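See below for the structure under consideration.
Keep in mind it's a predicted model, so treat the numbers as computed, not measured. So that the names make sense, note that chain A is the first sequence line, chain B the second, and so on, each numbered from 1. Hydrogens, waters and symmetry mates are skipped; everything else that's a heavy atom, side chains included, is used.
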There are 2 protein chains.
Amino acid sequence: MKYIEKLRNSGLRPTKQRLQICEVLFNSEKTFHFTINELDQKIKKQVSDKISLATIYNTVHAFEKKGYLKQIPINSNQTYFDTNISDHHHFYDLKEEKLIDLENADVGPINILKKINGKKIKSVEVLVKLED
Amino acid sequence: MKYIEKLRNSGLRPTKQRLQICEVLFNSEKTFHFTINELDQKIKKQVSDKISLATIYNTVHAFEKKGYLKQIPINSNQTYFDTNISDHHHFYDLKEEKLIDLENADVGPINILKKINGKKIKSVEVLVKLED
DNA sequence: TTACTAGTTTATAATGATTCTAAAAAGGTG
DNA sequence: CACCTTTTTAGAATCATTATAAACTAGTAA
Ligand SMILES: [Mn+2]
Ligand SMILES: [Mn+2]
Ligand SMILES: [Zn+2]
Ligand SMILES: [Zn+2]
């Protein structure tokens, strides 16, 4: 199977549930943004076995910790995740409440001039809010 | 009083509670970041009358809607607000879980090259995550 | 001052996303 | 298989936030 090695190499047992969630998350042509609830719906549609919500939470957080998913910093009552783990940014359409990818190439180079003593930059993320 | 006109001009009645919250939020030399809980604590310390948590939520949201406070897009279990309403950005210290202001001048100009049909840019916010 | 009205405050309940718990099930190894 | 660890799961708990609805207040006009 496609994802068994990936999981083993991360120290995660390739359980049936994790493999099925991998299919839903990573087997599509395009990357996408999702909340846990949306993922739960997607799984219900695409996977015949039932996967408990607790497992979906556990798995998403495990994958995030391993770097297979990214959390998107945005104010919402639900947490947004991204299967696009490349360094990139987002539009947020306030009316539609939808995220849209903004590739690094679509943003001029960002130069952080201020330095914080003893700290180094882990990531730089831009959120562009859109209105009509 | 200092804030009565400000509130009236916004169509908000200058109630005792709102005026007291104004004192706590806007009467300090420096701007600051806060969660509702932190603000509640601050109010308990600085204001002799009791203000209900519901009123604090109501007031913060009213002030945000009027543009006297900004919500900071960040993933946290609590919503962060900012009394600094100027166009600016943030460091987020992952270890300390603290926000630090990053003025526009401390970031090179940000040029969003991609356009979304029928939408215009309302804001551009940068979040720089810091690690040790 | 006295109504009148709309806006505000408040205690309290409800909501809902997320996390916790602890027992059952499954994976990995020899 | 036997053993041990990890994982899954249903359900309960947590807790930030929002809703409710009754009491109160600010503003205004008689
Ligand atoms: Mn999380
Ligand atoms: Mn809010
Ligand atoms: Zn994305
Ligand atoms: Zn700030």
[X] vs [N]: side-chain N/O to OP1/OP2 distance below 4.0 Å:
X     : N      : result
B/H61 : D/dT17 : no
A/Q17 : C/dA25 : no
A/T79 : C/dT18 : yes
A/S52 : D/dT8  : no
B/K50 : C/dA11 : yes
A/T15 : D/dT6  : no

How sharply is the helix from C/dT1-D/dA30 to C/dG30-D/dC1 bent, taking the axes over five pairs at either end and rounding to 10 degrees?
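Roughly 30°, once rounded to the nearest ten degrees.
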Please table the atom pairs, donor to acceptor, closer than 3.5 Å between any side-chain atom in residues 111-118 of chain B and protein atoms at least two apart or in another chain.
residue	atom	partner	partner atom	Å
B/K114	NZ	A/D101	O	3.0
B/K115	NZ	B/I112	O	3.1

Yes or no on salt bridge (Lys or Arg N to Asp or Glu O under 4.0 Å) for B/E23 and B/K2, after CA distance, side-chain angles and deciding distance?
CA-CA 9 Å; B/E23 296 285 337; B/K2 206 167 169 183; over 6 Å; no
Protein-nucleotide distance (B/K16, atom NZ; C/dT9, atom C1'), rounded to Å:
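To the nearest whole Å, that distance equals 11 Å.
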Rounded to the nearest angstrom, tell me the gap between atom CG in A/N58 and atom P in D/dT6.
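Distance, rounded to whole Å: 14 Å.
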How would you list, by chain and number, every residue that makes a ring pair (Phe, Tyr, Trp, His ring centres under 6.0 Å) with B/H89, sequence neighbours excluded?
none
Parallel, tilted or perpendicular: which describes the rings of A/F32 and A/F34, with under 30° parallel and over 60° perpendicular?
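Judged by the thresholds at 30° and 60°, the geometry between A/F32 and A/F34 is tilted.
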